[in-house]
Protein chains: 2
Amino acid sequence: MTSAPDNQSVAAVAWREAALAALRERGHRTGGARTAVIERLAAGGGCVEAEELARDLRQAGDQVATASVYRALTLLGEIGLLHRIALPSAPARFELVLPDGAHHHHLVCANCGSTDAFSDEALEQAIQKISARTAFEVRSHDITLHGRCAACRAAAQ
Amino acid sequence: MTSAPDNQSVAAVAWREAALAALRERGHRTGGARTAVIERLAAGGGCVEAEELARDLRQAGDQVATASVYRALTLLGEIGLLHRIALPSAPARFELVLPDGAHHHHLVCANCGSTDAFSDEALEQAIQKISARTAFEVRSHDITLHGRCAACRAAAQ
DNA sequence: GTTCCTGCAAAGGTTTTGCACCATA
DNA sequence: TATGGTGCAAAACCTTTGCAGGAAC
């Protein structure tokens, strides 16, 4: 279990480059809402809701429709640059899929609803072994742990 | 990795008992839509969508509103007898949380959308270790592997 | 100039809520 | 009889789609 290091922003910059390159390669145009979404995702480090991202862009002066944000997020997801996380009774969140393969999973507190991130090597290895041993070709995975966060445990003593 | 054994129905019966007992204990009444939902879940082995379950009940002659099904499913989820699984662009599915703790996770094919189940001891152990080592108290977990199923791999050669 | 992208508005589908009525205890 | 549960209908919510105008190539 490791916490995100300082080179996160480096990875985000690399992600931004990769995303723009992928769009160019596919013949997509630049300069519109889609590019704004990419910039914002890279700047914010991912892990946002669509509506939240749209609001941020509008507050920054860009006139972006929520629909365009969804379109951009869907496209990036299809290319494999973004990961969509669906939690019960919450809008979907979108996270960067970083070029170095680094990723994390989520701890969701059933009491206060807060979410936290973690990563764990043993977990990753277990999944790799499953992938190697079955007919299913594993490309990505979501893991969410539900329970009680440290704060709520402390509050309940 | 093991497949579900024949004692699944035994576990479902135990689940039904546990669910009815939990409701009784909490002072809930029996005999209405809620009980019908429990019976149907136990009979069907879980893993259904709310609307699907409501339809089944209505076809069986019970006049149950979809809203009541949602209410029942939500309550059972709060008690910890049901697990809600949210996949992107699909209605949520509800699965039994069996008394013996047996559970499985999901393989979702990005190509054809089919879902399959698996369970893996190494994965469970990795999660237990995380639980033991952090301030977060893990009570349950979701794992979803995304990729390509055997059929789609074969079709693409 | 052509094509793609976008904003806006409306629709779509799932889930929740309000309310009056009914059934259980 | 009092309370909680239910059905029905409407609302709320997130997300997608249609379409006409505008921007990028």
Side-chain angles (χ1 to χ4, degrees), chain A residues 19-40 47-79 82-94 113, chain B residues 19-41 47-79 82-95 113:
Chain A
L20 293 174
L23 293 187
R24 227 177 294 127
E25 200 173 304
R26 289 177 152 232
H28 288 297
R29 296 177 182 178
T30 64
R34 197 145 56 198
T35 306
V37 166
I38 290 175
E39 300 293 354
R40 184 92 208 99
C47 204
V48 284
E49 300 171 7
E51 190 60 63
E52 196 178 339
L53 207 163
R55 193 171 357 100
D56 284 358
L57 287 175
R58 285 191 286 259
Q59 278 181 0
D62 287 315
Q63 176 148 332
V64 216
T66 303
S68 299
V69 172
Y70 274 105
R71 282 189 272 238
L73 294 172
T74 302
L75 176 61
L76 291 168
E78 281 166 2
I79 298 177
L82 222 47
H83 193 87
R84 177 185 175 143
I85 297 151
L87 291 174
S89 50
R93 304 190 80 87
F94 295 83
Chain B
L20 293 175
L23 292 186
R24 227 177 295 126
E25 202 172 304
R26 290 178 152 230
H28 288 297
R29 297 177 181 177
T30 62
R34 197 146 55 199
T35 306
V37 166
I38 291 176
E39 300 293 354
R40 184 92 208 98
L41 280 170
C47 207
V48 285
E49 299 171 6
E51 190 59 62
E52 195 179 342
L53 206 164
R55 194 171 357 101
D56 284 357
L57 288 174
R58 283 190 288 258
Q59 278 182 0
D62 287 315
Q63 176 148 331
V64 212
T66 304
S68 298
V69 172
Y70 274 106
R71 282 189 274 240
L73 294 173
T74 303
L75 176 61
L76 291 167
E78 280 165 2
I79 298 177
L82 221 48
H83 194 86
R84 178 186 176 143
I85 298 151
L87 292 174
S89 49
R93 304 190 80 87
F94 295 84
E95 292 198 337

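- With axes fitted over five pairs at each extremity, the angle between the ends of the helix from C/dG1-D/dC25 to C/dA25-D/dT1 is 30° (10° resolution).
- Note on residues 23-32 of chain B: pairs passing side chain to side chain donor-acceptor pair (under 3.5 Å), not counting sequence neighbours, are B/His28-B/Arg34.
- When every heavy atom of A/Val69 is checked against every heavy atom of A/Ala50, the shortest pair comes out as CG1-O, 3.6 Å.
- For the pair B/Arg58 CZ and D/dG7 C1', the computed distance is 10 Å after rounding to whole Å.
- For B/Glu39, the side chain to side chain donor-acceptor pair (under 3.5 Å) partners are B/Arg16, not counting sequence neighbours.
- At the heavy-atom level, B/Arg84 lies under 4.0 Å from the strands shown only through sugar-phosphate atoms.
- Shown here are the side-chain contact (heavy atoms from CB on, under 4.5 Å) partners of A/Ala36, two or more places apart in sequence or in another chain: A/Leu57, A/Asp62.
- B/Ala33 and B/Val64 make their closest contact through CB-CG1, 3.4 Å (heavy atoms, listed as atom of the first residue, atom of the second, distance).
- Positionally, the nearest nucleotide of DNA chain C for A/Thr35 lies more toward the 5' end than for the other of B/Pro91 and A/Thr35.
- Scored by the side chain to side chain donor-acceptor pair (under 3.5 Å) test, B/Arg71 finds no partners at all (sequence neighbours excluded).
- Here A/Ala92 pairs with A/Arg84, A/Phe94 under the side-chain contact (heavy atoms from CB on, under 4.5 Å) rule; sequence neighbours left out.
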Provide a list of protein-nucleic acid N or O atom pairs under 3.5 angstrom, restricted to nucleotides 1-4 of chain D.
residue : atom : partner : partner atom : Å
D/dT3   : O2   : B/Arg29 : NH1          : 2.6
D/dT3   : O2   : B/Arg29 : NH2          : 2.5

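- Put simply, CG on A/Leu87 is 19 Å from P on D/dC13, counting in whole angstrom units.
- DNA chain D is contacted by A/Ala67, A/Tyr70, A/Arg71 of residues 61-73 of chain A, taking any non-hydrogen atom closer than 4.0 Å.
- Shown here are the side-chain contact (heavy atoms from CB on, under 4.5 Å) partners of B/Ala60, two or more places apart in sequence or in another chain: there are none.
- Looking at heavy atoms from C-beta onward, A/Ile79 lies in side-chain contact with A/Leu23 at the 4.5 angstrom threshold.
- Protein atom CD1 of B/Ile85 is 17 Å distant from nucleotide atom P of C/dT14, rounded to whole Å.
- Rounded to an integer number of Å, the gap from A/Arg24 CZ to C/dC4 C1' is 17 Å.
- Applying the salt bridge (Lys or Arg N to Asp or Glu O under 4.0 Å) rule to A/Glu49 yields the partners A/Arg93; only residues at least two apart in sequence or on another chain are considered.
- Using a 4.0 Å cut-off on heavy atoms, none of the residues of residues 48-57 of chain A approach DNA chain D.
- Evaluation of the salt bridge (Lys or Arg N to Asp or Glu O under 4.0 Å) rule for B/Arg58 yields B/Glu51 as partners, not counting sequence neighbours.
- In this structure, B/Thr30 reaches the C/dA25 phosphate: one of its side-chain N or O atoms is under 4.0 Å from OP1 or OP2.
- Here the P atom of nucleotide D/dT17 and the CG atom of A/Leu75 are 14 Å apart, to the nearest Å.
- Atom NE2 of B/His83 is separated from atom CG of B/Leu73 by 13.5 Å, given to the nearest 0.5 angstrom.
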